[in-house]
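Only one structure is covered here, and it is reproduced in the block below.
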Protein chains: 2
Amino acid sequence: MKLKKISEGPGAPSRRRYEEACAAAHALDLVGERWALLVMRELMLGPKRFSDLKADLPGISANVLTQRLEGLEAAGIVTRRRLPPPASTQVYELTPWGYESEPILQALGRWAARSPSHDPSRPLSAVSLFLSFRTMFDPARAEGLAARIGFRFGAETFLVRIADGRLEVARDQLDQAELIFTGSARAVAAAVYGGESLDALAAKGLLSVEGDRALAERFVTLFPLPPKVCPGS
Amino acid sequence: MKLKKISEGPGAPSRRRYEEACAAAHALDLVGERWALLVMRELMLGPKRFSDLKADLPGISANVLTQRLEGLEAAGIVTRRRLPPPASTQVYELTPWGYESEPILQALGRWAARSPSHDPSRPLSAVSLFLSFRTMFDPARAEGLAARIGFRFGAETFLVRIADGRLEVARDQLDQAELIFTGSARAVAAAVYGGESLDALAAKGLLSVEGDRALAERFVTLFPLPPKVCPGS
DNA sequence: CGGCATCCGGGAAGATACTG
DNA sequence: CAGTATCTTCCCGGATGCCG
């Protein structure tokens, strides 16, 4: 049974929900509140702690994050798990069904990438970057390519594997990478989506490239953005 | 630390927006406000007047609808158009880019249809029903089928064409339909998604079927719902 | 430090009434 | 019919503090 506001009886109007049969409207009942989808986005590559979520969602306040996590947990989208004794902290993780919401983020991203007001040069979380890779990856441009590419953003590391026209992302590993980018998610986005050259970014101290340089130059071409909407249309 | 500017020009002081480079977050800046996506949903099959939108979005208030339409127009998602003199009323219509947002509604719908708390027996707008057909249509189940099926919901009429494993929806026409359902969107949803028999619905006076009865029985099987999430998982 | 409760100010959403 | 004006409610965001 759903929790009802104390002030309302059983037939409660459920004030701020749509309560339609339309499944899209129901989705908005579940994840339509502010920050909810972005919290899910940050968990899309694996569990995180409360403070990591707060740090990766600039602007969210602790109480709102608490509320969202409670709501998502009650809806069966997120679970709370306590790590084994050595680190007695708890983490939040998407349920299998929660992970299935990635196509929502992809549809939103594909559509909004065409927006005239979209500015790819703004700040970006690491998870956002790698989810955008999964969304925008063009298998045709990766024809015959097999590679392991590492990323070092501060203390975090990620590995992108490309093979057989597929792209996979893993957290917390760098092993056997032929190529390692070191810098920030924003700097990588500038190279991949902003058209900035690796040399220019290196000269500004924003991004360094170790390993297969030709691979790096090819990598940044694998994620074509859809054309912007022409304002006149 | 961010400081709020009290008075700002059109450059928006980032009042309540995420302002991230992540395209999904930008999408939420554009259409993440309450009611915005449902307004777009109601326009997805063609233009509508203000009062039609208000009637088809139970619970929205006039001022909120006005605000959403203004915001969507400013974002280039909706346009306002005045009909030719005889009917001097104006209608709202999605721009071409606005129409491209349908995959967002489909991703939301596909995902939320698995929700344990989703109840397909609740009220439903006609547009929601036909968009759900576009989302859930299974070409394999429509193998070799070519048909024109009409729907009469009060004063509104719709025509669904199925051919070559594709499904198309048109408003305001019924011509050459081999089959016509008369009743409500909710009653059709009960037959297609709720597993209620056409006989039972007819007995209750909710839905009547004229024309090819065998086609009607087949039609209601063309839109399989994904399995619900098992609560224990 | 991680997680959660509480208080407060501002603003968005909701309901109703009113106008061209 | 197509909105505007006004008032109320309550969510969001920020700060602070408690507790383990």
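In this text the structure is predicted, and so the values were computed from the model without any measurement.
Contact between the side-chain N/O atoms of B/T89 and the OP1/OP2 oxygens of D/dA2 is found at a separation under 4.0 Å. Between D/dC11 and B/R34, no contact under 4.0 Å exists linking OP1 or OP2 to a side-chain N or O. The phosphate of C/dG14 (OP1 or OP2) has a side-chain N or O of B/W35 nearer than 4.0 angstrom. OP1 or OP2 of D/dC12 lies within a sub-4.0 Å distance of a side-chain N or O belonging to A/Q67.
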Let me have the donor-acceptor pairs involving side chains of residues 55-64 of chain A, under 3.5 Å, with sequence neighbours excluded, atom names and distances please.
unit_1 : atom_1 : unit_2 : atom_2 : d
A/D56  : OD2    : A/K48  : NZ     : 2.6
A/S61  : OG     : A/N63  : OD1    : 2.7

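Note: CD (A/E19) to P (C/dG14) measures 13 Å, nearest angstrom. The CG atom of A/L53 sits 17 Å away from the P atom of C/dC1 (whole-angstrom rounding). Across the protein-nucleic acid pair, B/K54 atom NZ and C/dA17 atom C1' stand 13 Å apart, rounded to whole Å. Taking atom CD of B/E33 as the reference point, atom P of C/dG14 lies 11 Å away to the nearest angstrom. Spacing between atom CD1 of A/I60 and atom P of C/dG3 amounts to 13 Å, rounded to whole angstrom units. Between B/L65 atom CG and C/dA15 atom C1' there is a gap of 15 Å when expressed in whole angstrom units. One atom, OH of B/Y18, and another, P of D/dG13, lie 7 Å apart when rounded to the nearest Å. To the nearest angstrom, P of C/dG2 lies 12 Å from CG of A/D56.
Under the side-chain contact (heavy atoms from CB on, under 4.5 Å) criterion, B/S115 pairs with A/H26, A/L30, A/W97, B/S117, B/H118, sequence neighbours left out. In this structure, the side-chain contact (heavy atoms from CB on, under 4.5 Å) partners of B/S208, at least two apart in sequence or on a different chain, are B/T182.
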Show me the protein contacts with nucleotides 4-11 of chain C, counting only N or O atoms at under 3.5 Å.
unit_1 : atom_1 : unit_2 : atom_2 : d
C/dC4  : OP1    : A/R80  : NH1    : 2.3
C/dC4  : OP2    : A/Y92  : OH     : 3.2

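Within the 4.0 angstrom heavy-atom criterion, only backbone atoms of the sugar-phosphate kind lie near B/S51; the bases stay farther away.
Contact of the A/P47 side chain with the A/R171 side chain is registered, since non-hydrogen atoms from C-beta on lie closer than 4.5 Å. Between B/L159 and B/T157 there is no side-chain heavy-atom pair separated by less than 4.5 Å.
Applying the ring pair (Phe, Tyr, Trp, His ring centres under 6.0 Å) test to residues at least two apart or on different chains, the pairs with a partner in residues 27-55 of chain B are A/Y18-B/W35. Within the structure, salt bridge (charged side-chain N to carboxylate O under 4.0 Å, His left out) contacts touching residues 57-70 of chain A (residues at least two apart or in different chains) are A/E33-A/R68.
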